[in-house]
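Below you'll find the structure, written out as structure tokens, and then a few comments.
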Amino acid sequence: MFFIFLLILIIIILLATHVRIVSQSQAFVIERLGAYLTTWDVGLNILIPFIDRIVRKVSLKEQVLDFPPQPVITKDNVTMQIDSVIYFQITDPKLYTYGVEKPLSAIENLTATTLRNIIGEMELDHTLTSRDTINTKMRAILDEATDPWGIKINRVELKNIIPPAEIQDAMEKQMKAERERREAILRAEGQKKSSILVAEGEKEAAILRAEAKKEAAIREAEGKAEAILKIQNAEAEAIRLLKEAGADKSVLTLKGMETFAKVANGNATKIIIPSELQNIVTLSEVFHESSKK
């Protein structure tokens, strides 16, 4: 009875230790008697004791490999350091398990050789400005090379491109000179625009001043013309009223004399009297002398 109980206990322990639950992000590669049997997906699975074994637990998530800087030589014989980042995903756990020994190390070595081949065909300046091109080429080459290993290369990124120190100094000086050149251009353009605005302002001010003077002269001339017209209208009205009142020639002549008297009271130094008025003056003197006698 004891032996039966012990046997049942051993069987329960074996079953408990050989039951596996596979999560959604994993896959288990199973061998039976040393040969590949199957790949367990998500769910509950049971191993046969002493016959089946789990060879490898494979993660199906996207993974990242960050490689240390690799020395590469450009087409123009410049040695620099480039470190890259690989984003990959295992698509076939069986191929990943049996395709290559140490798959991650194989990817690292393949990345280094591919990077050297690509950079070796490019000059330094082209390398520094062609990251997207290099990334695309590397991803295509690595993806094709890792297909037999059950690996899918999703993305390749060049993390850093580190040229030699002397080239970095030269690049910094070149960038500084370029910044100074752009600053000088911007300053010159600003001064040019400022001068143009000042000149345009002075031009508009001169035009406005000229227009103001012109307007003032026109108004002054119009004022004088209106004053002369009013004087002439007043004089014409006065003559008309005198005629309507029946004034004869002598009255009009006396009016003219009054006008000359007003003129004489002014600052005039020389006055010319018409002959008609002179005759009237002489006649008045004769009457004045005869009245005295």
Side-chain angles (χ1 to χ4, degrees), residues 24-29 36 39 55-186:
Q24 188 173 356
S25 61
Q26 287 185 322
F28 291 3
V29 178
Y36 171 76
T39 300
V55 179
R56 173 167 288 179
K57 298 178 181 179
V58 178
S59 174
L60 302 179
K61 297 179 181 179
E62 186 176 30
Q63 302 179 51
V64 181
L65 286 177
D66 188 358
F67 301 132
Q70 301 289 329
V72 295
I73 301 175
T74 62
K75 187 177 181 180
D76 48 355
N77 295 322
V78 176
T79 302
M80 57 178 149
Q81 301 285 329
I82 299 180
D83 59 338
S84 55
V85 179
I86 306 296
Y87 297 83
F88 71 96
Q89 193 170 11
I90 299 171
T91 57
D92 191 327
K94 177 183 177 182
L95 293 178
Y96 181 76
T97 302
Y98 299 102
V100 63
E101 185 72 22
K102 297 181 180 179
L104 301 184
S105 178
I107 293 176
E108 180 178 0
N109 292 326
L110 182 61
T111 301
T113 55
T114 303
L115 186 61
R116 291 191 181 99
N117 292 335
I118 294 175
I119 299 300
E121 298 176 353
M122 304 171 65
E123 295 183 353
L124 175 62
D125 293 340
H126 191 198
T127 302
L128 297 175
T129 57
S130 302
R131 289 197 178 202
D132 291 340
T133 302
I134 297 172
N135 293 339
T136 302
K137 287 183 177 180
M138 287 189 62
R139 195 204 70 79
I141 294 172
L142 292 176
D143 189 40
E144 182 179 357
T146 55
D147 276 346
W149 306 341
I151 298 173
K152 172 68 176 176
I153 304 297
N154 295 328
R155 195 168 35 159
V156 177
E157 296 289 342
L158 297 186
K159 189 176 179 182
N160 286 312
I161 299 178
I162 308 172
E166 59 273 12
I167 293 180
Q168 291 187 38
D169 293 339
M171 291 171 61
E172 290 177 358
K173 291 179 180 178
Q174 182 179 0
M175 292 174 61
K176 182 179 179 181
E178 181 65 18
R179 286 194 298 268
E180 292 176 351
R181 184 183 70 84
R182 292 180 180 177
E183 182 181 358
I185 291 174
L186 291 175

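Given the structure is predicted, the values throughout are model-derived calculations rather than measurements.
Here the closest heavy-atom approach between residue R139 and residue I153 is recorded as NH1-O, 3.2 Å. The two atoms that bring T146 and L110 nearest to each other are CG2-CD2, 4.3 Å, heavy atoms only. Nearest heavy atom pair, residue A27 against residue T39, reads CB-CG2, 4.0 Å. The minimum heavy-atom distance linking V29 with K94 is given by the pair CG2-N, 4.4 Å. The shortest heavy-atom contact between E108 and Q70 is OE2-NE2, 4.4 Å. Residues I118 and M122 share a closest heavy-atom pair of O-CG, 3.5 Å.
The existence of a salt bridge linking R179 and E183 is excluded, since no basic side-chain nitrogen approaches an acidic carboxylate oxygen closer than 4.0 Å.
Using a 4.5 Å cut-off on side-chain heavy atoms (C-beta onward), L158 and M138 make contact. Side-chain contact between T127 and M80 is present, with heavy atoms from C-beta onward closer than 4.5 Å. Looking at heavy atoms from C-beta onward, I134 lies in side-chain contact with L115 at the 4.5 angstrom threshold. Annotation: side chain of Y96 is not in contact with side chain of W149 (no heavy-atom distance under 4.5 Å). Looking at I82 and I162, their side chains never come closer than 4.5 Å, going by heavy atoms from C-beta outward. No side-chain heavy atom of H126 sits under 4.5 Å from any side-chain heavy atom of T74. Between I107 and L65 the shortest side-chain heavy-atom distance falls below 4.5 Å.
No more than 12 heavy atoms of other residues, nucleotides or ligands lie within 6.0 Å of CD1 in I73, so this atom counts as exposed by the packing criterion. Counting non-hydrogen atoms of neighbouring residues, nucleotides and ligands closer than 6.0 angstrom, the CD atom of E144 reaches no more than 12 such neighbours.
Between the side chain of D143 and the backbone N or O of K152 there is no donor-acceptor pair closer than 3.5 Å.
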Open item on the list: Using the rule given for side-chain contact (heavy atoms from CB on, under 4.5 Å), can you reason through E157 versus S84, listing the C-alpha separation, both sets of side-chain angles and the distance that settles it, and then say yes or no?
Closed with: CA-CA 6 Å; E157 296 289 342; S84 55; over 6 Å; no

